[in-house]
Structures are given as C-alpha cells and as structure tokens.
Amino acid sequence: QVQLVESGGGLVQAGGSLRLSCAASGLTFSSYCMGWFRQAPGKEREFVAAITWSSNTFYKDSVKGRFTISRDNAKNTLHLQMNSLKPEDTAVYYCAADPNLIRLTTMRGDYWGQGTQVTVSS
C-alpha cells in the first residue's frame, strides 16, 4: 500500500521560510517523479514544483528563485524548501508521485498525500 505523508506546514509571517517534507512508503521511490501541488481556498489545485527520478527540477513561474524541491532517495523523502514566503502562497500543499513526469505535472499522478496547511500572514 502506497502512502505519502506530508509534514512541515504551519503559520509563518511574510518573508519567512518553511520546509515541507513528504515521506513515501510502499513504492520504489527512486523510480518515481515526485511533485508538490497546492490548493488555496476557492481555487483549483495547481502545480508548484516537480523533480524527476534523475533530479531534474521544474517550477511554477511564481515560485522560481524562492522554492527549492529536492529528494533523498536513501530516505524515501521529498522536500520543498520555501523562502521569501508571500500571503499568496497560503494553501494546502500536497505531494504526489507518478512514474511519468507529464502525468504528474498535469495532476494525473498515481498517488497523492493528504496535504499540509501553509498559512502566510501579511
């Protein structure tokens, strides 16, 4: 049974930082593309960042230079370092996994976590 469990969310002031983690189990982690997505109240879920099995990275334009996605294949863990946070980054953040990068980034990934809340106050 595949499980993705996010952690690290919380309340932070604008300009602050948070580091999200996603612990994966039940899958061959190193063979999967992994991604972060977010959903703000009243809005659709959107792509934030992705990393391939070979550690190529991709980002939503509005987070480039502020967010960094990384993976630790030895620990089956995905991270998202978020710096210079803005109120518009407030959302529930989800991690997802799929062997195919296109499927993942178009939100058709095989596996999803339950999400972690990130709130950025102004």
*Pairwise distance CZ(Arg19) to OG1(Thr68) - rounded to 0.5 angstrom*: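 One gets 10.5 Å once the value is rounded to the nearest 0.5 Å.
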*Gln39 and Lys43: which non-hydrogen atoms are nearest, and at how many Å?*
NE2-O, 3.1 Å
Please list, one pair per line, the donor and acceptor atoms closer than 3.5 Å that link side chains of residues 25-34 to other protein atoms, with sequence neighbours excluded.
none

*Taking every non-hydrogen atom, the tightest pair across Ala40 and Ala91*: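 The answer is N-CB, 3.8 Å.
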*Supply the atom-to-atom distance Asp89 CG to Asn83 CG, rounded to the nearest 0.5 angstrom.*
11.0 Å
*Decide whether Trp53 and Leu4 are clustered together by the hydrophobic rule: side chain heavy atoms of Ile, Leu, Val, Met, Phe, Trp, Tyr closer than 4.5 Å, transitively.*
no
*Say whether Thr77 and Asp72, considering side chains only, have a donor N or O and an acceptor N or O under 3.5 Å apart.*
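Side-chain D/A pair, Thr77 to Asp72: absent.
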*Does a donor on one side chain and an acceptor on the other come within less than 3.5 Å for Ser21 and His79?*
yes
*Tell me whether Val2 is reachable from Trp36 by hopping between hydrophobic residues (I, L, V, M, F, W, Y) whose side-chain heavy atoms are closer than 4.5 Å.*
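Cluster IDs for Trp36 and Val2 match.
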*Test side chain to side chain contact (heavy atoms under 4.5 Å, CB included) applied to Val118 and Leu20, step by step*: CA-CA 9 Å; Val118 171; Leu20 304 185; 4.0 Å; yes
*Quick one: name the residues clustered hydrophobically with Leu101, using the 4.5 Å side-chain heavy-atom rule over I, L, V, M, F, W, Y, and just say none if it's on its own.*
Phe37, Phe47, Phe58, Val92, Tyr94, Leu104, Met107, Trp112
*How would you list, by chain and number, every residue that makes a side-chain hydrogen bond (donor to acceptor under 3.5 Å, both in side chains) with Asp110, sequence neighbours excluded?*
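Once residues adjacent in sequence are excluded, the partners of Asp110 under the side-chain hydrogen bond (donor to acceptor under 3.5 Å, both in side chains) criterion are Arg103.
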_Working note: Arg38 + Lys60, criterion side chain to side chain contact (heavy atoms under 4.5 Å, CB included); need CA distance, chi angles, decisive distance, verdict._
CA-CA 11 Å; Arg38 67 187 181 188; Lys60 175 181 175 63; 3.8 Å; yes
*Closest contact, heavy atoms only, Asn100 versus Asp98*: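 Looks like N-OD1, 2.8 Å.
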*asked:* A quick test of your reading: do over 12 heavy atoms of other residues, nucleotides or ligands sit less than 6.0 Å from CD of Gln114?
replied: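 Atom CD in Gln114 is not crowded, with 12 or fewer foreign heavy atoms closer than 6.0 Å.
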*Of all heavy-atom pairs between Tyr59 and Ile69, which one has the smallest distance, and what is that distance?*
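Smallest heavy-atom distance, with atoms named: OH-N, 2.9 Å.
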